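A short write-up of the structure that comes next.
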Amino acid sequence: MKTHWKKEFNYDYMGSYSLPDGKDVILTIKQTKKEQVTGSNGKKEECFVCYFHESDKPMILNRTNCKTISKVAGSAFIEDWPGVRVQIGIDTVSAFGESVEALRIRNIKPQPAKPVDYSSQIATLRACKTLDELKNTFIGLSKDEQTATFSVKEEMKTKLTPAQEATV
């Protein structure tokens with residue numbers, strides 16, 4: 001996979017360079033809100049921003065993308081948008097007298113996310129006999145696996161901690 005030159009700079013918001021190999025991604029809306037955004041020219045502007053569960057960078061929404069989200073969500077009310085899955089892609093648009101790449105919400109309702117089965121990771125954590133084994137097993141899990149099995153790790157930590165150590 002090649003690296004887009006814009007990834008080498010600290011951009012606070014998603015752009016066309018954010019999509020892996022320029023391919024569409026499906027993300028779940030966490031929240032939308034107005035916030036102060038500082039442009040590359042240093043000018044501050046109030047923008048409407050969308051945060052996603054699967055991305056650490058939010059996306060600045062324009063009217064076109066808001067209209068499409070309202071169609072996909074089946075509601076024009078932003079309070080109904082959290083939890084809605086959207087497909088984001090790149091389109092070439094005319095802006096400021098030139099053709100540029102822009103992020104666009106696709107007018108497609110993505111399929112619901114398939115639940116991930118973490119039963120084997122849970123079984124592996126529950127089979128641990130010592131705190132060290134539990135720690136090493138948990139560290140070996142991916143970030144998503146750790147998030148999904150955190151409560152089991154905590155349960156096992158309590159179970160494997162001797163009574164006198166638990167009070168210390």
Side-chain angles (χ1 to χ4, degrees), residues 1-4 6-37 47-61 65-66 68-90 103 105-106 108-168:
M1 177 156 112
K2 294 182 179 181
T3 305
H4 194 290
K6 286 187 176 180
K7 283 191 173 186
E8 298 302 312
F9 296 89
N10 182 17
Y11 292 97
D12 294 329
Y13 299 91
M14 291 175 66
S16 60
Y17 55 87
S18 302
L19 303 188
D21 293 331
K23 294 184 177 144
D24 286 16
V25 295
I26 295 174
L27 301 175
T28 309
I29 296 174
K30 184 191 298 186
Q31 71 171 339
T32 56
K33 64 180 182 176
K34 279 197 158 196
E35 65 183 49
Q36 193 84 346
V37 173
C47 292
F48 191 49
V49 179
C50 185
Y51 289 83
F52 302 98
H53 287 283
E54 303 87 352
S55 176
D56 56 345
K57 288 190 177 188
M59 177 179 169
I60 297 172
L61 296 177
N65 285 328
C66 286
T68 307
I69 292 173
S70 68
K71 289 176 188 172
V72 172
S75 173
F77 301 103
I78 61 174
E79 294 83 4
D80 296 333
W81 294 359
V84 171
R85 291 168 45 84
V86 293
Q87 184 169 331
I88 303 171
I90 301 169
L103 290 179
I105 305 290
R106 305 285 189 213
I108 298 168
K109 187 169 185 130
Q111 294 296 317
K114 293 179 184 173
V116 180
D117 181 12
Y118 293 106
S119 57
S120 66
Q121 292 86 345
I122 289 170
T124 302
L125 289 172
R126 289 209 164 117
C128 292
K129 303 288 184 220
T130 66
L131 286 171
D132 281 340
E133 183 183 1
L134 178 66
K135 177 183 174 185
N136 291 331
T137 301
F138 190 75
I139 289 172
L141 298 176
S142 72
K143 186 177 179 180
D144 288 342
E145 291 170 334
Q146 287 179 353
T147 300
T149 61
F150 181 80
S151 62
V152 174
K153 187 244 335 170
E154 291 299 305
E155 169 193 320
M156 289 303 297
K157 193 166 123 181
T158 302
K159 183 177 177 184
L160 294 173
T161 302
Q164 68 251 25
E165 285 183 21
T167 59
V168 177

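For this chain, numbers begin at 1 and follow the sequence in order. Being a predicted model, the structure only gives us computed values, none of them experimental.
- A cation-pi geometry, defined here as NZ or CZ lying under 6.0 Å from the six-membered ring centre and within 45° of its normal, does not hold between Lys34 and Phe48.
- Going from atom NZ of Lys153 over to atom OG1 of Thr137 covers 12.0 Å, rounded to the nearest 0.5 Å.
- Residues Phe138 and Thr149 have side chains in contact (heavy-atom distance under 4.5 Å, counting atoms from C-beta outward).
- Arg126 contributes no side-chain N or O that, together with a main-chain N or O of Met156, makes up a donor-acceptor pair within less than 3.5 Å.
- Separation of atoms SG (Cys50) and NZ (Lys33) is listed at 11.5 Å; rounding is to 0.5 Å.
- The closest donor-acceptor contact from the side chain of Asp117 to the backbone of Ser119 lies under 3.5 Å.
- Contact check for Val37 versus Ile60: side-chain heavy atoms found under the 4.5 Å cut-off.
- Without hydrogens or angle criteria, Asn65 side chain to Leu103 main chain gives a donor-acceptor distance under 3.5 Å.
- Shown here are the side-chain hydrogen bond (donor to acceptor under 3.5 Å, both in side chains) partners of Glu145, two or more places apart in sequence or in another chain: Gln121, Ser142.
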Review item, side-chain donor-acceptor pairs of residues 128-135, under 3.5 Å, at least two apart:
residue	atom	partner	partner atom	Å
Thr130	OG1	Glu133	N	3.0
Glu133	OE1	Lys129	N	2.8

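- Using a distance-only test at 3.5 Å, with no hydrogens or angles considered, no donor-acceptor pair links the side chain of Ser55 to the main chain of Tyr51.
- Atom OG of residue Ser18 and atom OH of residue Tyr13 lie 13.0 Å apart, to the nearest 0.5 angstrom.
- At most 12 heavy atoms of other shown residues, nucleotides or ligands fall within 6.0 angstrom of atom CD in Gln111.
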Item to complete: List the steps, then state whether side-chain contact (heavy atoms from CB on, under 4.5 Å) holds for Thr28 with Val84.
Response: CA-CA 6 Å; Thr28 309; Val84 171; over 6 Å; no
Worksheet item: Passes side-chain contact (heavy atoms from CB on, under 4.5 Å), Val86 versus Trp81? Steps please.
Response: CA-CA 10 Å; Val86 293; Trp81 294 359; over 6 Å; no
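- Not counting sequence neighbours, the partners of Asp24 by the side-chain hydrogen bond (donor to acceptor under 3.5 Å, both in side chains) test are Gln87, Arg106.
- Note that the CD atom of Glu155 and the CZ atom of Phe150 stand 12.5 Å from one another [nearest 0.5 Å].
- The NZ atom of Lys57 lies 13.5 Å from the CG atom of Leu27; values are rounded to the nearest 0.5 Å.
- By the 4.5 Å heavy-atom criterion applied to side chains, Met59 and Ile105 are counted as neighbours.
- Residues Ile29 and Ile69 meet the side-chain proximity criterion, which asks for heavy atoms closer than 4.5 Å.
- The minimum heavy-atom distance linking Ser70 with Ala76 is given by the pair CB-CA, 3.7 Å.
- For the atom pair OG1 (Thr124) and CG (Leu141), the distance works out to 8.0 Å, reported to the nearest 0.5 Å.
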